[in-house]
Amino acid sequence: MRIHGHLALVMLLGASAAPAQEPPQLSALSLALQRLAEKINPSVVQVFAASYSTPDRESDQSTLLTTQRTSGSGVILDPDGYIVTNAHVVAGAIRVQVELPVTAGDSRDVPRRSVLRPTGRTVGARVVAIDDETDLAVLKVDVKGLPALMFGDSDALKPGQIVMAFGSPLGLAASVSMGVVSAVARQLEPEDPMVYIQTDAPINPGSSGGPLVDTDGRVVGVNTLIYSQSGGNEGIGFAAPSNIVRNVFEQIRATGRVRRGEIAVDTQTITPVMAEGLGLAQDWGVIVAHVDPAGSGARAGLQVGDIVTSLDGKAMENGRQFRVNFYTRGVGDVVTLQVLRGERRLTLRVPVAERADDPMRFAGMVRPEDHLVAKLGILGLNMDERIAGMLPGLLHPEGVVVAAAAADAPISRQGALHPGDVVHALNGRAVTSLTGLRAALTALKPGAPAVLQIERDGRLMYLAFALE
């Protein structure tokens, strides 16, 4: 059948026009990212911190304190006002404020047509706790009904997966950037149990504490640091994995502190040479090199020479992976280990116990009404045989142990007091008890120098600051 030219043209145009009703793939992707940003931005806050500092250059006024103001980002993870940011954003701060996006906890129904971003509310924030090991901090604001984001599973991330970074780089609030996961479980120091997600999503100073999200809008990381020769983004950024963040956040929200878990064993990566020399059944994986006789691993039946093939169903390929997996486990959890011992395959259930060197291990032993040293912003413990036994390698048997330190505790150019520090002397005079330390501090006038001799990790050091 012959079709006349006009009719044929109409049919051709109709055929070609039909697919145009569907949005092109690029437009669909753009729209999806736009909607994702609209969903996430109300849950991202800007964090402002004020702290005291002294001039860097020597001068006649070098002892005068100046106020230093810094800013970063944060992410709302609980509708009742709990926010996660980086510890370095609020460390040593005397005042912390948070700017909430105008749609976060704002009941006003105001039509907005301007492309200019409206200024959100600035509210005071309390530092609930800081976890230095993961560089994470939890803040609390007295605002209810905030739009909180959900956690994703950082263990499921794969290189090449699309992610988006939110925050306030260089103070530019409500900024969003896109990239991919460059690598997972990136370890920055050889013996550091903390690992990071590496991403090329642009991250700059001020982005610290903002969320890294997947395409479903779930928090898979908290932007933490960059590698840069110029000081700006060079495509190498790092975020704390959400599974570690979740563990820290939930512990701090529930108890105000983080307890570290372990099973008191040391493991190593099996090499072909090791396997050949020891006659092992496989030349890869994880071998138990040391078992503390008093630890939970020993009580569960682990032995030196055991090959751990899996932990909670996840194959164990190297010693570092084994240690990192315990970094996301809480005290009291029970892990299931598949173990190869000679030709026998065993299944062992091992309770996770509190890590012996956890700096927060003294926090449960103090009460503010009995152990507060207000002028230092700490809760302290008198040294006794039990406490000394929890401080292996202690140089001096007397002093006051720092059980907890407030986020706004005095800070000097040498740093601040940390949980686990032992105060041995104040201005050259020995400190032997909480009562003596309080009395010595009370005798000092405001503005007087206070030089503490402390012991930290088996080393002595001084902290010097002016009393307020």
Side-chain angles (χ1 to χ4, degrees), residues 133-134 150-161 163 181-188 190-198 212 214 216 218-222 238-251 258-271 274-275 280-291 295-341 344-353 355:
E133 286 199 27
T134 57
M150 301 291 290
F151 281 112
D153 182 5
S154 55
D155 286 349
L157 287 177
K158 304 295 182 184
Q161 187 171 333
V163 287
V181 174
S182 303
V184 296
R186 181 71 79 190
Q187 194 175 30
L188 304 184
E191 297 303 320
D192 189 352
M194 183 63 184
V195 295
Y196 297 90
I197 302 162
Q198 182 184 334
L212 188 74
D214 62 14
D216 292 322
R218 298 171 301 186
V219 177
V220 293
V222 169
F238 299 94
S242 60
N243 289 353
I244 291 178
V245 178
R246 181 194 287 112
N247 180 37
V248 171
F249 172 70
E250 291 180 349
Q251 287 197 60
V258 178
R259 300 170 70 196
R260 304 287 181 208
E262 67 171 9
I263 61 172
V265 302
D266 293 334
T267 58
Q268 293 179 242
T269 302
I270 297 172
T271 64
M274 183 188 297
L280 302 180
Q282 61 186 51
D283 61 0
W284 59 275
V286 176
I287 188 170
V288 176
H290 173 77
V291 178
S296 61
R299 291 192 294 272
L302 274 173
Q303 297 180 9
V304 172
D306 285 348
I307 297 175
V308 180
T309 58
S310 72
L311 188 157
D312 287 341
K314 182 186 298 183
M316 290 291 104
E317 300 173 7
N318 54 70
R320 185 186 74 176
Q321 180 194 17
F322 184 82
R323 292 190 296 273
V324 166
N325 269 271
F326 277 98
Y327 214 60
T328 61
R329 299 302 197 280
V331 176
D333 289 351
V334 177
V335 297
T336 301
L337 302 182
Q338 297 295 328
V339 173
L340 183 61
R341 182 178 297 164
R344 298 170 57 201
R345 293 191 177 274
L346 309 173
T347 299
L348 303 179
R349 289 176 54 79
V350 188
V352 178
R355 202 175 72 189

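When a residue number appears, it is its place in the shown sequence, counting from 1.
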Can you measure from CZ (Arg260) to CD (Gln251) and round to the nearest 0.5 angstrom?
->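 Between atom CZ of Arg260 and atom CD of Gln251 there are 7.5 Å.
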How far does CD of Gln161 sit from CG of Asp214, to the nearest 0.5 angstrom?
->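 So the gap between those two atoms works out to 6.5 Å.
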Could you work out, with side-chain contact (heavy atoms from CB on, under 4.5 Å) as the rule, every residue matching [X], not counting sequence neighbours?
| X | value |
| --- | --- |
| Val331 | Arg259, Glu354 |
| Arg186 | Ala183, Leu188, Gln198, Phe238 |
| Ala275 | Ile270, Leu280, Asp283 |
| Gln282 | Trp284, Ile307, Thr309, Leu340 |

Could you pull out all residues at least two apart from Phe322 that satisfy ring-ring contact (aromatic ring centres under 6.0 Å, His included)?
->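 Result, ring-ring contact (aromatic ring centres under 6.0 Å, His included) vs Phe322: Phe326.
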With sequence neighbours left out, write down each residue that passes ring-ring contact (aromatic ring centres under 6.0 Å, His included) with Phe151, or none if nothing qualifies.
->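 If we apply the ring-ring contact (aromatic ring centres under 6.0 Å, His included) test to Phe151, skipping adjacent residues, there are no hits.
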[Y] and [X], any side-chain heavy atoms less than 4.5 Å apart:
| X | Y | value |
| --- | --- | --- |
| Ile263 | Leu302 | yes |
| Thr267 | Arg323 | yes |
| Met316 | Asn325 | yes |
| Lys314 | Asp155 | yes |
| Ser154 | Arg218 | no |

Taking all atoms of both residues into account, what is the closest heavy-atom pair of [X] and [Y], and its distance?
| X | Y | result |
| --- | --- | --- |
| Val245 | Ala240 | CG2-O, 3.7 Å |
| Ala264 | Ser296 | CB-N, 4.5 Å |
| Thr269 | Met274 | O-CE, 3.7 Å |

Using the side-chain hydrogen bond (donor to acceptor under 3.5 Å, both in side chains) criterion, which residues pair with [X]? Sequence neighbours excluded.
| X | value |
| --- | --- |
| Asp153 | Asn243 |
| Arg341 | Asp306 |
| Thr134 | Asp131 |
| Asp333 | none |

For Arg329, all residues meeting salt bridge (Lys or Arg N to Asp or Glu O under 4.0 Å), sequence neighbours excluded |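 If we apply the salt bridge (Lys or Arg N to Asp or Glu O under 4.0 Å) test to Arg329, skipping adjacent residues, the hits are Asp312.
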Exercise answer: donor-acceptor pairs, residues 346-353 side-chain atoms, under 3.5 Å, sequence neighbours excluded:
{"unit_1": "Thr347", "atom_1": "OG1", "unit_2": "Gln338", "atom_2": "OE1", "d": "3.0"}
{"unit_1": "Thr347", "atom_1": "OG1", "unit_2": "Gln338", "atom_2": "NE2", "d": "3.1"}
{"unit_1": "Arg349", "atom_1": "NH1", "unit_2": "Thr336", "atom_2": "OG1", "d": "3.4"}

Kindly indicate, with the supporting measurements, whether the criterion side chain to side chain contact (heavy atoms under 4.5 Å, CB included) is fulfilled by Ile244 and Val195.
-> CA-CA 9 Å; Ile244 291 178; Val195 295; 4.2 Å; yes
